[in-house]
Amino acid sequence: LAYDLPKWSKDKSKIAFMGGIITSSGTNQEAYSIKMDGSGLQKLTTSTTIVPGQPQFLPDGNTIILVGQNKRATISQCGDFDIFVYSLKTLILRPLTTQPCLDSDPRVSPDGTKIAFVSDGGVLGGNDQIYTMDVNGANKKRITKNSFYDYDPAWSPDGRFLIYGGYRGEGPPIDPA
């Protein structure tokens, strides 16, 4: 059994995480939430729908955003990763993005109204750029516009600014961690 990518809810009463069974053919991961006292384990995804990752709570504590590889009938060469929202109240998982290729690294603004994320704009081999959208998926806006790769957005504590990593040179990007 493997657990990965734990994230606290804002009120620290719940944890969202990835969990799965490791076998010789790989790991079948799903997204889960659990209450701090260990009760209320809730499976958020089924691998027949999406291959999930990067779960995190919205400030309301009842909604989780996550990235998933959409298992539509025609997955493009670039993997078809989208951003999804899951309601712990209604138990409904729905996509916030649906374009081909890559949408990932969602980061919720401190006030819970916006999501910053990385997207290649639906273009195979496109440069990853930073975008924002409302938490309901509306009003998508491209923030960076350059010929480089931008990634890992983070909101300032007051939600007025975004910082992000970027790859600007030759050779592989350096991971500062």
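The two residues Ser39 and Ile34 come nearest to each other via the heavy atoms O-CG1, 3.4 Å. Residues Val67 and Ser104 come closest through the heavy atom pair CG2-CA, 3.8 Å. Shown here for Gly61 and Ser9, the closest heavy-atom pair between the two residues is CA-CB, 4.5 Å. Counting all heavy atoms, side chain and backbone alike, Gly112 lies closest to Val135 at O-CG1, 3.1 Å. In plain terms, the two heavy atoms of Asp158 and Pro110 that are nearest each other are C-CG, 4.4 Å. Shown here for Ile64 and Ala16, the closest heavy-atom pair between the two residues is CD1-CB, 3.9 Å.
Partners of Lys140 according to the side chain to side chain contact (heavy atoms under 4.5 Å, CB included) rule, which considers only residues two or more places apart in sequence or in another chain, are Thr97, Met133. Looking at residues two or more places apart in sequence or on another chain, you find a side chain to side chain contact (heavy atoms under 4.5 Å, CB included) between Leu91 and Gln42, Tyr86. Not a single ring-ring contact (aromatic ring centres under 6.0 Å, His included) links Tyr164 to another residue, sequence neighbours left out. Residues passing the side-chain hydrogen bond (donor to acceptor under 3.5 Å, both in side chains) test with Asp150, sequence neighbours excluded: Thr144, Asn146, Arg168. Applying the salt bridge (Lys or Arg N to Asp or Glu O under 4.0 Å) rule to Asp11 yields no partners; only residues at least two apart in sequence or on another chain are considered. Judged as a side-chain hydrogen bond (donor to acceptor under 3.5 Å, both in side chains), and not counting sequence neighbours, the contacts of Thr90 are Ser87. Judged as a salt bridge (Lys or Arg N to Asp or Glu O under 4.0 Å), and not counting sequence neighbours, Lys14 has no contacts. Taking the side chain to side chain contact (heavy atoms under 4.5 Å, CB included) definition, one finds that Lys141 meets it with Thr132, Ile143, sequence neighbours left out. Every residue meeting the ring-ring contact (aromatic ring centres under 6.0 Å, His included) condition with Phe117, not counting sequence neighbours, appears here in chain and number order: Tyr131. Residues meeting the side chain to side chain contact (heavy atoms under 4.5 Å, CB included) test with Lys114, sequence neighbours left out: Ser109, Asp134, Trp155.
Looking only at distances, a side-chain donor or acceptor of Gln129 sits under 3.5 Å from a matching main-chain atom of Phe148. A distance-only check finds a donor-acceptor pair linking the side chain of Ser156 to the backbone of Phe161 [under 3.5 Å].
Hydrophobic clustering, with ILVMFWY side chains joined whenever heavy atoms are under 4.5 angstrom apart, keeps Leu58 apart from Ile92. One hydrophobic cluster holds both Ile15 and Leu41 under the rule that ILVMFWY side chains link at heavy-atom gaps under 4.5 Å. Criterion: ILVMFWY side-chain heavy atoms under 4.5 Å apart, direct or through other members. Under it, Tyr151 and Ile163 are not part of a common hydrophobic cluster.
Annotation: the span from Trp8 atom CH2 to Ser13 atom OG amounts to 9.5 Å, rounded to 0.5 Å. Taken to the nearest 0.5 Å, the CG atom of Asp120 stands 9.0 Å off from the CG atom of Asn127.
Looking at heavy atoms from C-beta onward, Pro55 lies in side-chain contact with Met18 at the 4.5 angstrom threshold. In this structure the side chain of Thr63 reaches within 4.5 angstrom of the side chain of Val85, judged on heavy atoms. Side-chain contact check for Asp128 versus Ser119: every heavy-atom pair is 4.5 Å or farther apart. Side-chain contact check for Leu96 versus Asp82: every heavy-atom pair is 4.5 Å or farther apart. A heavy-atom distance below 4.5 Å is not found between the side chains of Gln54 and Leu66.
Pairs engaging residues 86-108 under the salt bridge (Lys or Arg N to Asp or Glu O under 4.0 Å) rule: Arg107-Asp152 [sequence neighbours left out].
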